[in-house]
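Note that ligands are numbered from 1 as they come in the structure, with each ligand's atoms numbered from 1 the same way. Predicted model only: the values in this text are computed from it and were never measured.
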Amino acid sequence: MNFRLLPLLLLAAFGIAVAAEVNYPLDAPAPDGRRPGGTISQSLPPPPIANEENKDLKRERNYPEQPPTIPHSISSYQLDKNGNQCLTCHSRAGSARSQAPMISITHYMDRDGQALAAVSPRRYFCTQCHVSQNEVQPLVGNSFENIDTLLQNEANAPTKT
Ligand code: HEC
Ligand code: HEC
């Protein structure tokens, strides 16, 4: 028997199996999320782009290691390989001029925990970790409880004997 055609045959059989499997009901209702209503195949107009929250009020962090969310608009700030406008306000020197909080020491550390003279390259693209917020209602609920609540609950719980 000629086995040279075997891989080709297997590939063809696999292709047919896959093609047979793809049989989405195109008029099924779409999941209600960002785009409520309509069917899976239907194009609906996207919701309007929400405003960026710009209240300048720092938000509580859920745990100390959390990168704080950005309490101001960033839509006009350049942040690419040619320039970092965040640092004009948030760098060590810039924070005195702008009264913005200085980036913390971790932003100057390399991956071995060694403090560098300038901002560490791995902390250069700020929006990898820090995000601004939009004026919208959350799409899904959230039952997160922070450590203060957990400790409080534990203290209030009846003691085991
Ligand atoms: C014009 C100066 C300026 C620029 C540019 C700027 N910020 Fe800010 N930022 C501030 C000030 C001032 C605050 C303090 C809160 C406030 O007034 O909004 C702040 C607050 C923050 C905070 C909150 C810190 C905390 O402790 O809660 C983060 C995070 C932040 N900025 C990130 C950024 C990032 C990322 C960029 C670039 C995309 C940026 N900022 C650009 C001035 C600036
Ligand atoms: C790899 C993730 C990461 C990147 C990238 C990053 N940060 Fe942060 N940032 C954090 C974390 C985590 C914290 C909170 C804990 C800490 O200070 O390390 C923080 C804290 C801060 C704070 C609050 C400091 C304080 O003492 O309260 C400011 C302001 C800030 N970052 C600004 C920036 C700016 C501006 C950039 C870009 C130059 C940037 N960050 C890049 C993770 C990041």
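Heavy-atom proximity to Gln66, at under 4.0 Å, picks out these atoms of ligand 2: 14 (C). Numbered from 1 in the order shown, with element, the atoms of ligand 2 that lie under 4.0 Å from a heavy atom of Tyr124 read 37 (C), 38 (C). Remark: ligand 1 atoms within the under-4.0 Å shell around heavy atoms of Gln85 are 5 (C). Near Leu87, meaning under 4.0 Å from any of its heavy atoms, are these atoms of ligand 2: 38 (C). Residue-ligand proximity, Glu65 to ligand 2, at heavy-atom distances under 4.0 Å covers atoms 12 (C). Shown in contact with Phe125 at under 4.0 Å from a heavy atom are these atoms of ligand 2, numbered in order with element: 5 (C). Close approach to Asn84 involves these atoms of ligand 2, each under 4.0 Å from a residue heavy atom: 38 (C).
Of the N or O atoms in Asp56, one or more lie within a sub-3.5 Å distance of an N or O in ligand 1.
Remark: among candidates Arg122, Met109, Lys58, Arg61, the nearest residue to atom 25 (C) of ligand 2 is Arg61, based on non-hydrogen atoms.
By the 4.5 Å heavy-atom criterion applied to side chains, Asn146 and Tyr63 are not counted as neighbours. Glu52 places a side-chain heavy atom less than 4.5 Å from the side chain of Ser132. Between Leu79 and Cys86, the closest side-chain pair of non-hydrogen atoms falls below 4.5 Å. The shortest side-chain heavy-atom distance between Val131 and Ile70 does not fall under the 4.5 Å cut-off.
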| task | Quick one: do Asn153 and Thr149 satisfy side-chain contact (heavy atoms from CB on, under 4.5 Å)? Show the steps, please. | result | CA-CA 6 Å; Asn153 289 349; Thr149 317; 4.2 Å; yes
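At most 12 heavy atoms of other shown residues, nucleotides or ligands fall within 6.0 angstrom of atom CD in Glu154. The environment of CD1 in Ile49 is sparse: at most 12 heavy-atom neighbours from other residues, nucleotides or ligands sit within 6.0 Å. Residue-environment remark: CZ (Arg92) stays at or below the threshold of 12 foreign heavy atoms within 6.0 Å. The 12-atom threshold is exceeded at CD of Glu135, counting heavy atoms of other residues, nucleotides or ligands nearer than 6.0 Å.
The set of protein atoms (N, O or S) found at less than 2.8 Å from atom 8 (Fe) of ligand 1 reads His72 NE2, His90 NE2, by chain and number. Protein N/O/S atoms closer than 2.8 Å to atom 8 (Fe) of ligand 2, listed by chain and residue number, are His107 NE2, His130 NE2.
The protein heavy atom nearest to atom 15 (C) of ligand 2 is Pro64 O, 4.0 Å. Looking only at heavy atoms of the protein, atom 24 (C) of ligand 2 is closest to Met102 O, 3.6 Å.
Between the side chains of Arg123 and Thr106, at least one donor-acceptor pair of N or O atoms lies under 3.5 Å. Between His107 and Ser104, the side chains place a donor N or O and an acceptor N or O closer than 3.5 Å (distance only, hydrogens not considered). Neither side chain, Thr69 nor Gln133, offers a donor N or O lying under 3.5 Å from an acceptor on the other. Counting only N and O atoms by type, the side chains of Glu53 and Asn51 include no donor and acceptor under 3.5 Å apart.
Note: His72 and Tyr77 have perpendicular aromatic rings, judged against thresholds of 30 and 60 degrees for the angle between ring planes.
With hydrophobic clusters built from ILVMFWY side chains whose heavy atoms lie under 4.5 angstrom apart, Tyr124 does not share a cluster with Tyr108.
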